[in-house]
Peer 1: 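Once you've had a glance at the structure underneath, I'll fire off some questions.
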Amino acid sequence: MSKFCPEWIFGIFAAQTSKEFLSTNNSIAAVSRKYSNAISERYNEVKFEEVMDIAEKILQFLSDINAGEEAVTYIDDYIHYRVNFEASGSERKLSGMFSSAFNPEKIKDYSSDKCFKIFKATVFSIRNEALPKATPGWLITDVEDIDWIGEVFNEETELF
């Protein structure tokens, strides 16, 4: 039975990979493994190279737009937006009586190209003040019903 990771979860894990690479001494491969393992425990296997590919594209994009010190802020704003809003702009319901935003997908709805396009569009919209930014000090673990994702964000990256 197909149990694919929802696109928004793949996207925020790839973005967080970029952020952790920028703000820690961990290699991008080690951080990618952490998130691919977390996905693979709950959904169909995701290879760390898939996570690393999008994370590298995010880092290159942030370099191309000369994000500098703002790079981590853009990543946080993107994660905040993706956790709280659907691609359509409607508010994301993380859990409901009959379904959950964490439920697996029947078909693979994510790809490096798709996630990268969404990241770029979201950052441009945030820069143009068309989408809400994360409040200063916002943490994903503050989100009610964030479930296991907050735990994974807080896990230490294993070097080996």
Peer 1: I need the minimum non-hydrogen distance between Phe153 and Ile140, along with the two atoms involved.
Peer 2: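 It is CD2-CG2, 3.4 Å.
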
Peer 1: Can you sort out the partners of Glu45 under salt bridge (Lys or Arg N to Asp or Glu O under 4.0 Å), two or more places apart, ordered by chain and number?
Peer 2: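 So Glu45 forms a salt bridge (Lys or Arg N to Asp or Glu O under 4.0 Å) with Lys47.
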
Peer 1: Hydrophobic clusters here meaning ILVMFWY residues chained together by side-chain heavy-atom distances under 4.5 Å, can you tell me if Phe102 and Tyr81 are in one?
Peer 2: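 The answer is no; the residues belong to distinct hydrophobic clusters.
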
Peer 1: Work out which heavy atom in Lys93 is nearest to a heavy atom in Ala101; give both atom names and the distance.
Peer 2: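 Where Lys93 meets Ala101 most closely, the heavy atoms are O-CB, 3.6 Å.
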
Peer 1: Taking it one step at a time, do Lys34 and Glu41 satisfy salt bridge (Lys or Arg N to Asp or Glu O under 4.0 Å)?
Peer 2: CA-CA 11 Å; Lys34 168 182 153 180; Glu41 286 175 11; over 6 Å; no

Peer 1: Quick one: side-chain contact (heavy atoms from CB on, under 4.5 Å) partners of Ala29, sequence neighbours excluded?
Peer 2: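 side-chain contact (heavy atoms from CB on, under 4.5 Å) check on Ala29 returns Ser27, Arg33, Phe48, Met52.
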
Peer 1: In the hydrophobic clustering (ILVMFWY, side-chain contacts below 4.5 Å, transitive), which residues join Ile107, or is it alone?
Peer 2: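 Reading the cluster by chain and number, Ile107 sits alone, since nothing else belongs.
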
Peer 1: Should Leu131 and Val72 be counted in the same cluster of Ile, Leu, Val, Met, Phe, Trp and Tyr side chains packed under 4.5 Å apart?
Peer 2: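 No: no chain of side-chain contacts under 4.5 Å links Leu131 to Val72.
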
Peer 1: Among residues at least two apart in sequence or on other chains, which ones pass side-chain contact (heavy atoms from CB on, under 4.5 Å) with Thr141?
Peer 2: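 Leu139, Asn154.
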
Peer 1: Please list, chain by chain and in numerical order, all residues satisfying salt bridge (Lys or Arg N to Asp or Glu O under 4.0 Å) with Arg82, sequence neighbours excluded.
Peer 2: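 Scan of Arg82 (salt bridge (Lys or Arg N to Asp or Glu O under 4.0 Å), adjacent residues dropped) gives Glu7.
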
Peer 1: In the single-linkage hydrophobic clustering (I, L, V, M, F, W, Y; side-chain heavy atoms under 4.5 Å), do Ile79 and Leu94 co-cluster?
Peer 2: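 Ile79 clusters together with Leu94.
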
Peer 1: Any chain of hydrophobic side-chain contacts (each under 4.5 Å) joining Val83 to Val152?
Peer 2: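 Hydrophobic grouping puts Val83 with Val152.
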
Peer 1: Mark yes or no for whether Lys106, through its side chain, and Ser2, through its backbone, hold a donor-acceptor pair below 3.5 Å.
Peer 2: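 Here the side-chain-to-backbone pair does not exist.
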
Peer 1: Assess the side chains of Glu20 and Thr157: does a donor N or O sit below 3.5 Å from an acceptor N or O?
Peer 2: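 Per modelled atom types, Glu20 and Thr157 side chains form a pair under 3.5 Å.
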
Peer 1: Provide the full list of salt bridge (charged side-chain N to carboxylate O under 4.0 Å, His left out) pairs with a residue in residues 116-136, sequence neighbours left out, each pair given once.
Peer 2: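 The answer is none; no pair qualifies.
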
Peer 1: Kindly state each residue pair satisfying salt bridge (charged side-chain N to carboxylate O under 4.0 Å, His left out) with at least one member in residues 145-155, sequence neighbours excluded.
Peer 2: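 Applying salt bridge (charged side-chain N to carboxylate O under 4.0 Å, His left out) to every pair that reaches into residues 145-155, excluding sequence neighbours, yields nothing.
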
Peer 1: Could you go through residues 54-71 and list every donor-acceptor pair under 3.5 Å that involves a side-chain atom there, pairing it with any protein atom two or more places apart or in another chain?
Peer 2:
unit_1, atom_1, unit_2, atom_2, d
Lys57, NZ, Ser112, OG, 3.0
Lys57, NZ, Asp113, OD1, 3.0
Gln60, NE2, Asp64, OD1, 2.7

Peer 1: Apply side chain to side chain contact (heavy atoms under 4.5 Å, CB included) to residues Thr122 and Ser125 and explain how you reach the verdict.
Peer 2: CA-CA 5 Å; Thr122 303; Ser125 294; 5.8 Å; no

Peer 1: Determine whether Phe119 and Trp8 satisfy the following criterion, ring-ring contact (aromatic ring centres under 6.0 Å, His included), listing intermediate values before the conclusion.
Peer 2: CA-CA 10 Å; Phe119 181 84; Trp8 72 274; over 10 Å; no

Peer 1: Side chains of Val143 and Ile149, heavy atoms from C-beta outward: is any pair under 4.5 Å?
Peer 2: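 Contact flag for Val143/Ile149 side chains = no.
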
Peer 1: Between Trp148 and Phe13, what is the ring plane arrangement, given parallel below 30°, perpendicular above 60°, and tilted in between?
Peer 2: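 The arrangement is perpendicular - the two ring planes meet at more than 60°.
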
Peer 1: Mind checking what makes ring pair (Phe, Tyr, Trp, His ring centres under 6.0 Å) contact with Tyr110, not counting sequence neighbours?
Peer 2: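 Residues passing ring pair (Phe, Tyr, Trp, His ring centres under 6.0 Å) with Tyr110: Phe10.
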
Peer 1: Does atom CG of Asp142 have more than 12 heavy-atom neighbours, drawn from other residues, nucleotides or ligands, at distances under 6.0 Å?
Peer 2: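 Count over threshold, so yes.
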
Peer 1: Hey, what do you get for CD1 (Ile12) to CG (Asp76), rounding to the nearest 0.5 Å?
Peer 2: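 Between Ile12 CD1 and Asp76 CG, I get 11.5 Å after rounding to 0.5 Å.
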
Peer 1: What distance separates Glu156 CD from Thr24 OG1, expressed to the nearest 0.5 Å?
Peer 2: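 Here the interatomic distance stands at 9.0 Å.
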
Peer 1: In chain order, what residues pass the salt bridge (Lys or Arg N to Asp or Glu O under 4.0 Å) check against Arg42, with sequence neighbours excluded?
Peer 2: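 Partners of Arg42 under the salt bridge (Lys or Arg N to Asp or Glu O under 4.0 Å) test: none.
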
Peer 1: Answer yes if Val123 and Phe85 sit in the same cluster of Ile, Leu, Val, Met, Phe, Trp and Tyr residues linked by side chain heavy atoms under 4.5 Å apart, and no otherwise.
Peer 2: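 Cluster IDs for Val123 and Phe85 differ.
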
Peer 1: Which pair of non-hydrogen atoms, one from Val46 and one from Ser40, has the smallest distance, and what is that distance?
Peer 2: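 In terms of heavy atoms, the two residues are closest at N-OG, 2.9 Å.
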
Peer 1: List in chain and number order the residues that pass salt bridge (Lys or Arg N to Asp or Glu O under 4.0 Å) with Asp77, two or more places apart in sequence or in another chain; answer none if no residue qualifies.
Peer 2: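 If we apply the salt bridge (Lys or Arg N to Asp or Glu O under 4.0 Å) test to Asp77, skipping adjacent residues, there are no hits.
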
Peer 1: For residues Tyr35 and Thr17, report the shortest heavy-atom separation together with the two atoms involved.
Peer 2: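 Of all heavy-atom pairs spanning Tyr35 and Thr17, the closest is CD1-OG1, 3.3 Å.
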
Peer 1: Looking at Ser90 and Glu86, would you say the former's side chain and the latter's main chain have a donor-acceptor pair under 3.5 Å?
Peer 2: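 Not a single qualifying donor-acceptor pair exists.
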
Peer 1: Among residues at least two apart in sequence or on other chains, which ones pass side-chain contact (heavy atoms from CB on, under 4.5 Å) with Thr135?
Peer 2: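 With neighbours one apart ignored, the set is Trp138.
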
